[in-house]
Number of protein chains: 2
Amino acid sequence: MSHTFGIRQAQKQKTRQALLDAALALLEEQSLSSLGLREVTRAVGVAPTAFYRHFRSTADLGVALVEEALGSLHPMIRTTVTASDNSEERITRAVELIARHVNAYPAHVRFIARERHGGVQPVREAIRAQLVRFAEEVKAELAKDPESEGWSDDDLLMLAHLYVDQMLITASLFLEALEAPEDERERATQVATRQMRLITIGRHHWLD
Amino acid sequence: MSHTFGIRQAQKQKTRQALLDAALALLEEQSLSSLGLREVTRAVGVAPTAFYRHFRSTADLGVALVEEALGSLHPMIRTTVTASDNSEERITRAVELIARHVNAYPAHVRFIARERHGGVQPVREAIRAQLVRFAEEVKAELAKDPESEGWSDDDLLMLAHLYVDQMLITASLFLEALEAPEDERERATQVATRQMRLITIGRHHWLD
DNA sequence: AATTACAGAGAACAGTTGTTAACTGCATGG
DNA sequence: CCATGCAGTTAACAACTGTTCTCTGTAATT
């Protein structure tokens, strides 16, 4: 589908992306449920009616933003949990990776954190579905680890969700400290690392 | 201040509360940043301009809602962490307490979860400040526990924040399952309990 | 070369919004 | 008992919203 890219299709996708970018920028200071269609088109510089050529409504645009934002988050989560010899090293690497991602895509992270419990139901559901997929991937990755021997499927999924939620909390923590002085960001890193470590310790002794 | 309650003051507080209640109800299907002043007054049945007698803006009303919502959450959190002999029993009691609170004040819980990362800065900050206070209380309660011997202040606070965040996650999980069939709510309880248990295990072995 | 498809523009609509001003009625304090 | 304070009303404003319909230019198809 859509393998043939004429000038036409290219231009359409270009303004579509411009609408998504403008919306994401506007959403730094408000929620999706208050984002106006005209507001977005005005920021892009196109007529309000052009919006309908790409999205049914701002809620529809929001769902598209979920795909974009969590699409970019996808590789991060997988790498985070990938097994390595030293588990302490894995933790610090994971936290650093999250910090790096927040620095690279702050608007995406903010959008997900904000709209996960936001006022637009289709968007909430889209985020929830993606997070469930993430948790399943994390579970599969955890299952490979020899440390997961004797774990039930339910417990693995429970731990996976705990990790996913903890990642979001950490990302949101870094986001709040984005423009803060260096020492506060360092403090955030320390807290996140220790929380992750405590969870990992709990994982080690789960089967006692 | 305001110990003398004439008929006048009583009526004022009555409509003020009516505005808060109406706003909270309207916020079940949208975010605060899209809540209109007229929308609220219409729901209460007063003139739009009456709004200004109580709040400067809807953001101001939001801050007031934070106090109300987290005021009712306050006793819950304290009881949750209160020490008891059996730590397993403490966990199930805590989870049950959260479930009970969500059932009793679903709108409050939804509001906090939604606006914690929402689009209105003063409200975000108010929630953050309250959660910091909660974490400090939890830390103080944890410090009393003989199990906290040898823990640094930083680590106690780190654990306290982990507990507070986990409570919010659990509350939000119960909220999503509020009108779901019984078996899904039971599953939510199981997941929440086991996550809490894993954290507690990590806490037990922290000083190894 | 002629025809079609379609992204985007333009204008107009009914309805909504926040905010200001001047008012009314009544509980309160002197 | 009278004067003041103030919660709530009424009316009006300019600005904004989402949506519909009609139109235009041009890339794609035949």
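Within every chain, numbering begins at 1; the chains are lettered A, B, ... in the order of the sequence lines, protein sequences first and strands thereafter.
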Euclidean distance, atom [atom1] of residue [X] to atom [atom2] of [N] [Å, nearest integer]:
X     : N      : atom1 : atom2 : result
B/Q11 : C/dT28 : CD    : P     : 11 Å
B/K14 : D/dA7  : NZ    : P     : 16 Å
A/L19 : C/dA7  : CG    : C1'   : 12 Å
A/K12 : C/dA5  : NZ    : C1'   : 11 Å
B/R16 : D/dG8  : CZ    : P     : 12 Å
A/Q9  : C/dG8  : CD    : P     : 11 Å

| task | Work out which heavy atom in A/R124 is nearest to a heavy atom in A/E115; give both atom names and the distance. | result |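 Closest approach of A/R124 to A/E115, heavy atoms only: CG-O, 3.6 Å.
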| Smallest separation among heavy atoms of B/A59 and B/V123, with atom names | O-CG2, 3.7 Å
Identify every side-chain donor-acceptor pair in residues 19-31 of chain B under 3.5 Å, counting partners at least two apart or on other chains, and give the distances.
unit_1, atom_1, unit_2, atom_2, d
B/D21, OD1, B/Q17, NE2, 3.0
B/E28, OE1, B/R110, NH1, 3.4
B/Q30, OE1, B/S34, OG, 3.0
B/Q30, NE2, B/E39, OE2, 2.7
B/S31, OG, A/S33, OG, 3.4
B/S31, OG, A/G119, N, 3.2

Could you list the donor-acceptor pairs under 3.5 angstrom formed between side-chain atoms of residues 40-51 of chain B and any protein atom two or more places apart in sequence or on another chain?
unit_1, atom_1, unit_2, atom_2, d
B/T41, OG1, B/L37, O, 3.4
B/T41, OG1, B/R38, O, 2.9

| message | Side chain of B/T15, heavy atoms from C-beta onward: which of D/dT10, C/dG25, D/dG8 has the nearest atom to it? | response |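 Nearest to the side chain of B/T15 among the choices is D/dG8.
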| query | Among the nucleotides C/dT28, D/dC6, D/dT9, which one has an atom lying closest to any side-chain atom of B/R8? | reply | D/dC6
Taking [Y]'s backbone N and O only, do any of them form a donor-acceptor pair with [X]'s side chain (distance below 3.5 Å, no angle check)?
X      : Y      : answer
B/D60  : B/R56  : yes
B/S152 : B/D155 : yes
B/Q195 : A/M158 : yes

| request: Mind listing the residues from residues 49-64 of chain B sitting with a heavy atom below 4.0 Å of DNA chain D? Number order is fine. | output: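 The answer is B/T49, B/A50, B/R53, B/H54.
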| query | At how many degrees, to 10°, do the end axes of the helix from C/dA1-D/dT30 to C/dT17-D/dA14 meet when each uses five pairs? | reply | 20°
| Lys/Arg N to Asp/Glu carboxylate O, A/D154 vs A/K139, below 4.0 Å | no
| message | Between A/K144 and A/E141 (salt bridge meaning N to carboxylate O under 4.0 Å), is one present in this structure? | response |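 So A/K144 pairs with A/E141 through a salt bridge.
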| message | For residues 176-188 of chain B, which residue pairs pass the side-chain hydrogen bond (donor to acceptor under 3.5 Å, both in side chains) check, not counting sequence neighbours? | response |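 Listed once each, the pairs are B/E182-B/R185.
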| request: List in numerical order all residues of residues 29-45 of chain B for which some heavy atom is under 4.0 Å away from an atom belonging to DNA chain C. | output: B/G36, B/L37, B/R38, B/R42
| Any side-chain heavy atom of B/V109 sitting closer than 4.5 Å to one from B/S172? |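 With C-beta onward as the side chain, the pair stays apart.
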